[in-house]
Enquirer: 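The following block contains the structure, expressed as structure tokens.
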Protein chains: 2
Amino acid sequence: MDARTQWDAGRSEEWADVTPDAARRLLTAAVQAFAERGYHATTTRDIAGRAGMSPAALYIHYRTKEELLYRISGIGHRLALGIVSRARDGGGDPAGRLSAAVQDFVRWHAEHHTTARVVQYELGALGEEHHAEIVALRRETDAAVRSIVEDGVAAGEFDVPDVRGTTRAVLSLCIDVARWFREDGKHTPGEVGELYADLALRMVGYAHK
Amino acid sequence: MDARTQWDAGRSEEWADVTPDAARRLLTAAVQAFAERGYHATTTRDIAGRAGMSPAALYIHYRTKEELLYRISGIGHRLALGIVSRARDGGGDPAGRLSAAVQDFVRWHAEHHTTARVVQYELGALGEEHHAEIVALRRETDAAVRSIVEDGVAAGEFDVPDVRGTTRAVLSLCIDVARWFREDGKHTPGEVGELYADLALRMVGYAHK
DNA sequence: GCCGAACCTGAGCAAGCGCTTAGGGGGAGT
DNA sequence: ACTCCCCCTAAGCGCTTGCTCAGGTTCGGC
């Protein structure tokens, strides 16, 4: 057993297919450091140190510090997009699909709030091209949730005067979980997910029961 | 007329009582720079340059770069607290007060999204003591909104299973406006405020009409 | 036993950072 | 006219930053 539990808050299967091992250690070290201090306040020496290597080792696996952020951001955004896509394509009525989307999306943001913090709040530090690529992924996520809301409106289940605005509000609510969630808080990620799924249904005017 | 409109996105009465003039110029320049690049990515040379001064001039009015952030954060948080406090102490039923609180809070975050971005997302860069002081202000804001929600529940107007969690969600929703709002977007600050006030009432289960 | 490839380190470079210091200019008071 | 004080700048100090490079270690295949 290595020192994994020290810096790896929670499971880390999300990085399972990053190879070789040293590259993965550097990546998870970077996630931790970026989440704690922010991208610009993190030094390459800090990242390398957390991974148990010399500063120079970083540049064997990544060309720049920004590439680390780009890789993290890419993996995180694709994971998030996968979560809402699965909910959109899942069976059931719009209310059930929206509920599942919010619940899973929120739970991911809470469980992996370290990663999520970097993914959601540090993308301004990306280079121009990388930034554009990531923004495209975000728009897909947005569209997936919006299509669920649109389905609900079309089916007469939801009462939403402003679909775009309300969809953004729901996503905004979920994303902000990464900012305030603490492990030592009163609620588990699952509980927050349930509460937020209910709040989302209320926001779209779903007349339940 | 100086170059004010260039860096001052929107009105700036919020800094009216910062004197002397040079200190205020530096402060607003810092707000702009921090909002664009983040605290750590902003250099003192950049701030001074935007204010039309040499780097050294900054240290006549502020002891450190961190003090600039502290001042900005203090003014911003006190303003935000004032907004929700006024709504809490205003007349009317809980629904009206919650609606007013959210509407004004959101409008401030949209109108002054530059300031709000710094206030809400850069407080991790504050020193320990300053951070604690600001966190105390945030807790007051939280408590103000929560007391409105509690009033609504006590009056039987609201249906809220988890008061703390729902209150945090409402505030979270409002705060996140500072992250995504753009001036060239489809909605004005007032429109976003109205939409969000309605969403907040839905979240607390207010049976309107 | 030798080779080449993969991986890593120690040392350090150029640039940029927050901040300091010595001194100049100009307006108000006398 | 002189002083005093406030506000400012030019220059630069000490340090840290992202990143580089020459060289060393380890390993499987022959």
Side-chain angles (χ1 to χ4, degrees), chain A residues 2-3 15 17-34 36-73 118 122-131, chain B residues 2-3 15 17-34 36-73 118 122-131:
Chain A
D2 54 9
W15 316 115
D17 47 302
V18 177
T19 54
D21 184 71
R24 183 174 48 252
R25 266 157 53 216
L26 284 164
L27 209 78
T28 54
V31 168
Q32 202 73 9
F34 291 164
E36 273 176 31
R37 315 195 194 320
Y39 174 81
H40 287 293
T42 299
T43 69
T44 54
R45 283 167 234 271
D46 182 18
I47 297 169
R50 284 172 194 251
M53 300 182 194
S54 79
L58 196 154
Y59 293 90
I60 294 162
H61 301 282
Y62 303 95
R63 268 176 315 173
T64 62
K65 176 180 151 187
E66 191 262 0
E67 193 188 328
L68 269 167
L69 178 61
Y70 170 59
R71 292 285 176 85
I72 293 165
S73 218
V118 178
E122 300 291 335
L123 64 162
L126 288 169
E128 223 173 306
E129 292 176 23
H130 290 165
H131 183 82
Chain B
D2 54 9
W15 316 116
D17 48 302
V18 177
T19 53
D21 184 70
R24 182 174 48 253
R25 268 158 53 217
L26 284 164
L27 208 78
T28 54
V31 168
Q32 203 74 8
F34 290 164
E36 273 177 31
R37 314 196 196 318
Y39 175 82
H40 287 293
T42 299
T43 70
T44 54
R45 286 161 173 78
D46 183 17
I47 297 168
R50 285 173 193 249
M53 300 181 194
S54 80
L58 197 154
Y59 293 90
I60 294 162
H61 301 282
Y62 303 95
R63 269 176 314 172
T64 62
K65 175 180 151 186
E66 192 263 358
E67 193 188 329
L68 269 167
L69 179 61
Y70 171 58
R71 292 286 177 83
I72 293 165
S73 219
V118 178
E122 300 292 336
L123 64 162
L126 287 170
E128 221 173 306
E129 292 176 22
H130 290 165
H131 182 83

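Convention: sequence-line order gives letters A, B, ...; per-chain numbering from 1.
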Enquirer: Within the structure provided, determine whether A:His61 and A:Pro20 are in side-chain contact (heavy-atom separation under 4.5 Å).
Expert: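 A:His61 reaches A:Pro20 side chain to side chain.
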Enquirer: What I'd like to find out is whether the side chain of B:Tyr70 reaches to under 4.5 Å of the side chain of B:Thr64, using heavy atoms alone.
Expert: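 Answer no - side chains too far apart.
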Enquirer: Using whole Å, report how far CD1 of B:Ile60 lies from P of C:dG23.
Expert: 16 Å
Enquirer: What is the nucleic acid contact for B:Thr43, judged by heavy atoms within less than 4.0 Å: base, sugar-phosphate only, or nothing?
Expert: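 Sugar-phosphate: the residue B:Thr43, judged by heavy atoms under 4.0 Å, touches backbone atoms but no base.
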Enquirer: Using side-chain hydrogen bond (donor to acceptor under 3.5 Å, both in side chains) as the criterion, point out the one residue from A:Thr43, A:Asp46, A:Thr42 that pairs with A:Arg37.
Expert: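 Considering A:Thr43, A:Asp46, A:Thr42, a side-chain hydrogen bond (donor to acceptor under 3.5 Å, both in side chains) with A:Arg37 is found only for A:Asp46.
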Enquirer: Looking at B:His61, I'd like to know whether one of its side-chain N or O atoms comes within less than 4.0 Å of OP1 or OP2 on D:dC8.
Expert: yes
Enquirer: Could you check how far CG of A:Asp21 sits from C1' of C:dA6, rounded to whole Å?
Expert: 14 Å
Enquirer: Would you say the side-chain atoms of A:Glu66 pair up with the backbone N or O of A:Gly127, donor to acceptor, closer than 3.5 Å?
Expert: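 Flag set: sc A:Glu66 to bb A:Gly127 pair under 3.5 Å.
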Enquirer: I need the CG-P distance between A:Leu68 and D:dG18, as an integer number of Å.
Expert: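 So the CG-P distance, A:Leu68 to D:dG18, works out to 11 Å.
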Enquirer: Starting at CZ of A:Arg25 and ending at C1' of C:dC8, how long is that distance when rounded to a whole Å?
Expert: 11 Å
Enquirer: Protein within reach of the bases, or only the backbone? For nucleotides 19-25 of chain D, mark each nucleotide 5' to 3' as B, S or -, using heavy atoms under 4.0 Å.
Expert: BBB----
Enquirer: Rounded to whole Å, how long is the line connecting atom CZ of B:Phe34 with atom P of C:dG18?
Expert: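 Checked: the CZ to P distance equals 9 Å.
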Enquirer: What is the distance from CZ of B:Arg37 to C1' of C:dC17, rounded to the nearest Å?
Expert: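 My rounded result for the distance is 15 Å.
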Enquirer: Do the non-hydrogen side-chain atoms of B:Tyr39 and B:Leu126 ever get within less than 4.5 Å of each other?
Expert: no
Enquirer: The side chain of B:Pro20 is closest to which nucleotide in this list: C:dC7, D:dC7, D:dC8?
Expert: D:dC7
Enquirer: When you measure from the side chain of B:His131 to the backbone of B:Gly124, do you find a donor-acceptor pair of N or O atoms at a distance under 3.5 Å?
Expert: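 Checking the backbone N and O of B:Gly124 against the side chain of B:His131, no donor-acceptor pair under 3.5 Å is found.
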